[in-house]
Protein chains: 2
Amino acid sequence: MIFSKSCVYGLRAMIYLASISREGYVSIKGLSEKLDISFHFLTKILQELTADDLLESMKGPKGGVRLSKSGGEITLKEVVKAIDGPGIFTECVLGLPGCGSEKPCPMHDMWEGTRDKINDVFTTTSLQDMSKEGKAKDLRITPDGQFIWG
Amino acid sequence: MIFSKSCVYGLRAMIYLASISREGYVSIKGLSEKLDISFHFLTKILQELTADDLLESMKGPKGGVRLSKSGGEITLKEVVKAIDGPGIFTECVLGLPGCGSEKPCPMHDMWEGTRDKINDVFTTTSLQDMSKEGKAKDLRITPDGQFIWG
DNA sequence: TATATTTAAGATAAAATTGTCTTAAAACTT
DNA sequence: AAGTTTTAAGACAATTTTATCTTAAATATA
Ligand code: FES
Ligand code: FES
C-alpha cells in the first residue's frame, strides 16, 4: 500500500467533508459510521488534521469537525503530508538520507521524474476535485460500497 | 517510505549483485557487511528472492547467492514484486478492493496515470541499468556512503 | 447550574514489520 | 569420514502501526 491506513482513512474523510456544506460541524461519530471506520481511530487521525489546520473542530453538542477552508483550497498533498509526512514527495526511493543533496543513489534519475509526477498530481488536485468527481459519478469511497453521497 | 525496508534492502543487494561477476557465489555474510545490513535480516530477504527464482543459492564453503539470470534480464519491478508484492503497481490508492474492476474511487483517474508511470519505469529499468549507473558515477547505495563498487 | 454531548488526550492492546538468535541441512575441505 | 562453512528455516524479541478504551475538557441545552 502506497499510503498508510491512517492516511487513506484521512483522505476518505476529507474527500467526503469536501462534498458537503461547511455550515456547521459534522460529528466524528457520524462520519465514522458513514465511512465505516473505527470511531476512536478516526478521531485520532482527524486530530492530526486539526492540528495541521486543515480541519476546525468544536466540542460539545452540535460539535464535530469541518474543513478549515473550502475544499477547492485544500490539496491532496496537504492531507498526505499532514498524516504520512512529506516522505513520498521528497525521499530517496532506496531509503538513503538526503536524496539528491549529496551523491544520489543509482535510482535517483529514474525515480525523480516519477516522484515529480506524483508530487504534481497531488499538488494540483483538490479535495473538491475529488468530491465533485465522486458525487457526479457516484463512485466508491468505502470498501463495501455502501457509502452514499450527499 | 514508498517501499518497505525489506524491499529497499533487497533492491540494494540486487543492484550490487548486478555490478559484479556471476561466476561463483557471493556469501551473504560478505554482502551484509559490504552493504551494512543485518546478516540474518538480509538472509531472510534474499531467501524470498531465491524462492522467487531471482537468485540462486548454494550452501557450504564457496556457497552464497548469485543472480539467476543476467542483471540486464531482471527488472526492478520483479524485485519489488517478490518482496513487497504487486500492490504498488495495481492497488487502489484509497485502499479499496478491486481497483477499477467495479466502481472505481474518486482518485482513480488521477492516480491511474501516475501508477502507470511507476509501473513503466520499474518495468523498463533493469538491475544492470542501475549497477552501470552506480558504478560509472560512483553513486551511493548505503546510507553512510562507505560502499565501494567493484 | 446541572446534565448530556462531543472532541482531546493519553493509556492500553493487538497486529504487522523489523530485527535477532538457534538449530538443521547441504556442500566443501581435510 | 569428520569437521567447517554457509544457506534454510523457524522461534523469538523489539519496534512501529493500527486499533480500542478510559478519562478529561469544552460546549450546548434544559
Ligand atoms: S538519492 Fe535515491 S532517489 Fe534521490
Ligand atoms: S479504484 Fe481507487 S485508484 Fe483505482
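Every chain is numbered from 1, with letters handed out A, B, ... down the list of sequences. Heavy atoms only: backbone and side chains are in, while hydrogens, waters and symmetry mates are out.
Two residues are said to be in side-chain contact when any heavy atoms from C-beta on lie closer than 4.5 Å; B/M130 and A/M110 meet this criterion.
Where A/H40 and B/I28 meet DNA chain D, the nucleotide closest to each residue was compared, and B/I28 sits on the side nearer the 5' end. In terms of position on DNA chain C, the residue among B/F39 and A/V26 whose nearest nucleotide sits closer to the 5' end is A/V26.
For B/Y25 and D/dT7, the shortest distance from a side-chain N or O to OP1 or OP2 is not below 4.0 Å. In terms of phosphate contacts, B/K29 brings no side-chain nitrogen or oxygen within less than 4.0 Å of OP1 or OP2 of D/dT7.
Listed candidates were C/dT18, D/dT18, C/dT7. Nearest to the side chain of A/S27 is C/dT7.
Because its NZ or CZ atom is not both nearer than 6.0 Å to the ring centre of A/Y25 and within 45° of the ring axis, A/K62 does not count as a cation-pi partner of that residue.
If you chain together hydrophobic residues whose side chains sit under 4.5 Å apart, A/M58 and A/L49 never meet in one group. No continuous path of ILVMFWY side-chain contacts below 4.5 Å connects A/L139 to A/L76, so the two sit in separate hydrophobic clusters.
Note on B/E48 versus B/K44: no salt bridge recorded, every NZ/NE/NH1/NH2 to OD/OE distance being 4.0 Å or above.
Rounded to an integer number of Å, the gap from CE of B/M1 to C1' of D/dT17 is 15 Å.
In this pair, B/F3 and A/W111 present their aromatic rings tilted. The plane angle is within the 30 to 60° band.
Within residues 41-70 of chain A, the residues having any heavy atom closer than 4.0 Å to DNA chain D are, in order of number, A/F41, A/K44, A/M58, A/K59, A/G60, A/P61, A/K62.
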